[in-house]
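Quick notes on the structure that follows.
Everything quoted here is computed from the prediction, not taken from an experiment. As the structure lists them, so they are numbered: ligands from 1, and atoms in each ligand from 1. All residue numbers refer to positions in the sequence shown, counting from 1.
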Amino acid sequence: MHPPNPLPILTLQQLDLETTIEFVHRILQSPPGVFATTGQSGTGKLTALLAVVQEFTKSGSSVKLFTEDLNFPFVLPENWSIQVVVPTEAAWTEAIENSIQDSSIPFVIDMLNLINYKAVFLGAQQKRWIFTCIDTPYIGIDVVYNFRDWIGINYSEILQQFSCIWSQTLLPLLCTNCAQPVQVGVEAMKLLDPNSHRTEELWKEVGCELCEQRGTKTRGAVYEILQIDDETRPILQDYLENNIITPLPNTKHQTIQDCARALLREGTVGIETYKRVITQNPILRVQHLLEHEKYRSAQMQDMFSRFVTRQVVDRIMHSSDFAEIVAGERRKVTCVFCDVRNFTSYAETASPDDIFALLNSYFQDIIEIVFQYEGTIDKFIGDSIMLVFGAPTEQIDQEIRAVNCAIAIQRKVAEINEMRTNLDVVNLGIGINTGEVIAGCLGSERRMDYTVLGDVVNVAARLESRAIAKQILISKETFTAVQDKISCRSVGELSLKGKADKLSAFEVVYE
Ligand SMILES: [Zn+2]
């Protein structure tokens, strides 16, 4: 009955898990369910589990431990009782059923397996704490995949049972005898932590006699703690059933990367070990890639939000043709060029500061108007602005929006000019054209812009160059779409620079 050298149950403090105590307390104060520590054999999941149970019993509660192990290797505290169960389904059901009737004390089951899981979940349905270990290479919520073969894939039912999944894996710790500090540059740092934006000092493995030239000595645990409650359950279910990934707040989820990075930064783990672990363990590798993907997606969102309205950003990010938008696609757009008239002569005499201040005082209002009409600011070229309607997302009324936006801009500029008595003023000429372009993201990962390319753009620019101050010139294509709604008059055929054929153009009439 008693092993030769029973081990003491360690506390969370003794396991160097002080930082998680608060997290664990929060979970233990929530409604009871299955609290599982998971990992492959030898990762110390039972040690961690017993430390958590010990933390729980500090409140004075007794616990009942069920095991199939005749030589359970730990010395149990006084208020713990132990029952050895024969490894059959019937024996487990009987043991759990009898104890359910006895009292409401928490159960500890040292290993959840195919034979006892039904009985264990029966206990959990009584809304009591069940602390158990699961032998699995999966980490975090993916542990649930382990049950697929056991109880089918009713994720909702499985999630109902759980209150916490604590996953562990081991990684070699740095040999403090030979470790050397190393400066990691911004770019290299990003690969280790996509949220890092600065040079950091970390430690690298060197190797000495003490560590047999490995640079590492003992192994230590890194863990992931996931709280499963009414708030996280629907999110996790969405992930399991529909592959929809919504990051959880770090008060509910501490990832293994968070944990490993904390060890990396405090110098407990070396850089090479960290890199090796996150790229060799298939699940960690996937998590690592996912993390980078999330970061990139946030970056993309951030980039778009500088050019388009929030609503458009959301539409893009949730659109199934996001890939197309990024890759480039053929689509109809209405392109608007606004340029300052007679600015060049002003720019020759004014100071750069004055020029910038003057332009910015206009541009801020103009951008506001563009967003109101849900246009996209494609680019600023010196003192001119290129706008696009109908991309990145479709706008059926793109021509109307574009022309109305142009009118609103001209009116706003006139309004600003009226207030700037005795000051330099700016006047705009605007050109608009509609047609098919290639739209997409151009550039490198470092700097990428959403833009449209095609002759349509050139024609809009040429029309703008022919527009005098306060004038809006539109092409026949744009005119055809807006003529019923917006008052326009023909200005005849214009010969445009670089164009062999003449082009019919129209002037928008506005007050
Ligand atoms: Zn060493």
Whether Tyr223 and Trp166 hold their rings parallel, tilted or perpendicular, with breakpoints at 30° and 60°: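 If you compare the ring of Tyr223 with that of Trp166, the planes turn out parallel.
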Short side-chain donor-acceptor distance under 3.5 Å, Thr38 and Ser167: yes
Side-chain donor-acceptor contact under 3.5 Å, Lys252 with Thr232: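 Absent: no donor and acceptor within the cut-off.
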Arg261 to Pro194 - nearest heavy-atom pair and separation: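 For Arg261 versus Pro194, the nearest heavy atoms are NH2-CD, 4.0 Å.
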Atom pair CD1 (Ile96) and CD1 (Ile109), whose distance is rounded to the nearest 0.5 Å: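 It is 4.5 Å, given to the nearest 0.5 Å.
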Tyr239: side chain to side chain donor-acceptor pair (under 3.5 Å) partners, not counting sequence neighbours: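 Partners of Tyr239 by the side chain to side chain donor-acceptor pair (under 3.5 Å) criterion, ordered by chain and then number, come out as Asp142.
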Atoms of the protein (N/O/S only) found under 2.8 Å from the Zn ion (ligand 1): Cys175 SG, Cys178 SG, Cys208 SG, Cys211 SG
